[in-house]
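Below, each value reflects all heavy atoms present in this structure, side chains not excepted, and no hydrogens, waters or symmetry copies. Note that the structure is predicted; figures quoted are calculated from it, not measured.
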Amino acid sequence: MSLDIPYIRVGTAYFKIIEKPLISGDKVKVMVRWTRETIVSDHGKSYLENVLKLDGFCCIPDHLNYQPIVENFFNTYNELNMKPIEEDFNLNELEQLIPNSLHFVKHIFGSEQYEYGLDYLKLLYEKPTQTLPILCLVSKERATYAPEQVHLVRYNYSSTTFEFNVL
């Protein structure tokens, strides 16, 4: 099963999958409710034979073996738009290749928890369904939480969200 055409039918409801432009210049996938009559009017009745028919929705996060359709259910979890490179690096090599990112991770987790932070981020990517502790980062100096961690996770996993618009 593939999503070669932008329409799907889930149960008895039709949807069109579109990319909505954002003010930042990026695009986000959006699923908009569409009527059968509009599809027939735009493309003809025979077009409906090509529309993928699914039983329902599910949310199955998987970054290593992503599937948009899981056992005849539409996966509302989106594939990440970036892939890791297939090469092993030691920490010194990584610090040369991506110094700003690793400096940011060190800033968030601190020097003592730096490697734990890297492990945490790796687990988020490799095993997104594994139960992990919830991080609540607090600055002793400012007596505040650290929003940088939220920004880092949101940046890396922002494409995994799926927005529904019902018209």
Side-chain angles (χ1 to χ4, degrees), residues 1-8 10 15-32 52-142 144-165:
M1 290 187 221
S2 69
L3 296 170
D4 293 334
I5 61 173
Y7 302 101
I8 63 171
V10 179
F15 296 90
K16 184 174 184 180
I17 301 169
I18 58 174
E19 290 197 354
K20 180 172 102 175
L22 302 174
I23 195 166
S24 64
D26 297 324
K27 293 185 178 182
V28 62
K29 271 190 180 178
V30 181
M31 186 179 290
V32 180
L52 186 61
K53 294 155 189 73
L54 303 169
D55 295 329
F57 296 101
C58 66
C59 185
I60 311 290
D62 191 335
H63 304 124
L64 302 176
N65 186 30
Y66 174 77
Q67 297 175 353
I69 309 297
V70 179
E71 297 180 23
N72 214 38
F73 284 79
F74 183 81
N75 191 358
T76 58
Y77 193 86
N78 281 334
E79 186 172 22
L80 292 176
N81 56 7
M82 58 186 144
K83 294 282 182 200
I85 54 175
E86 298 289 330
E87 195 170 332
D88 289 330
F89 296 101
N90 64 41
L91 194 52
N92 290 331
E93 291 172 324
L94 276 178
E95 287 173 345
Q96 295 297 315
L97 291 170
I98 52 171
N100 294 336
S101 297
L102 294 180
H103 178 73
F104 191 52
V105 171
K106 192 176 280 188
H107 169 74
I108 291 170
F109 291 96
S111 297
E112 302 84 33
Q113 304 294 320
Y114 176 56
E115 289 192 28
Y116 288 122
L118 293 173
D119 289 342
Y120 184 85
L121 293 172
K122 183 178 181 195
L123 280 172
L124 280 176
Y125 180 80
E126 291 180 349
K127 300 178 182 182
T129 59
Q130 179 174 328
T131 303
L132 293 173
I134 297 171
L135 298 181
C136 183
L137 304 174
V138 178
S139 168
K140 291 178 184 176
E141 295 82 23
R142 296 184 189 172
T144 61
Y145 72 99
E148 291 89 356
Q149 187 253 344
V150 174
H151 296 305
L152 176 66
V153 172
R154 185 180 295 151
Y155 174 76
N156 285 324
Y157 296 96
S158 65
S159 68
T160 65
T161 60
F162 208 97
E163 183 180 320
F164 285 87
N165 283 345

Using the six-membered ring wherever Trp is involved, compare the ring planes of Y120 and F109 and label them parallel, tilted or perpendicular (cut-offs 30° and 60°). tilted
Quick one: sort the Y125 and H63 rings into parallel, tilted or perpendicular, breaks at 30° and 60°. parallel
[X] side chain near [Y] side chain, heavy-atom distance below 4.5 Å:
X	Y	value
M31	I8	yes
L102	L118	yes
N100	F104	no
T129	P61	yes

With rounding to the nearest 0.5 Å, note down the distance linking [atom1] in [X] to [atom2] in [Y].
X	Y	atom1	atom2	value
N92	L97	CG	CG	11.0 Å
K29	N81	NZ	CG	10.5 Å
I108	Q113	CD1	CD	13.5 Å
I18	K20	CD1	NZ	8.0 Å
D62	Q67	CG	CD	7.5 Å

Testing the basics here: between [X] and [Y], what is the closest heavy-atom pair and its distance to 0.1 Å?
X	Y	result
L94	F89	CG-CB, 3.8 Å
C58	F73	SG-CB, 3.8 Å
L64	E126	CD1-O, 4.0 Å
V10	G56	CG1-CA, 3.4 Å

Tested for side chain to side chain contact (heavy atoms under 4.5 Å, CB included) against L54, the lone hit among V70, N75, I69 is I69
I'd like to know whether CD of Q96 has more than 12 heavy-atom contacts from other residues, nucleotides or ligands below 6.0 angstrom. no
Output every pair passing salt bridge (Lys or Arg N to Asp or Glu O under 4.0 Å) with a member in residues 84-106, not counting sequence neighbours, ordered by first then second residue. none
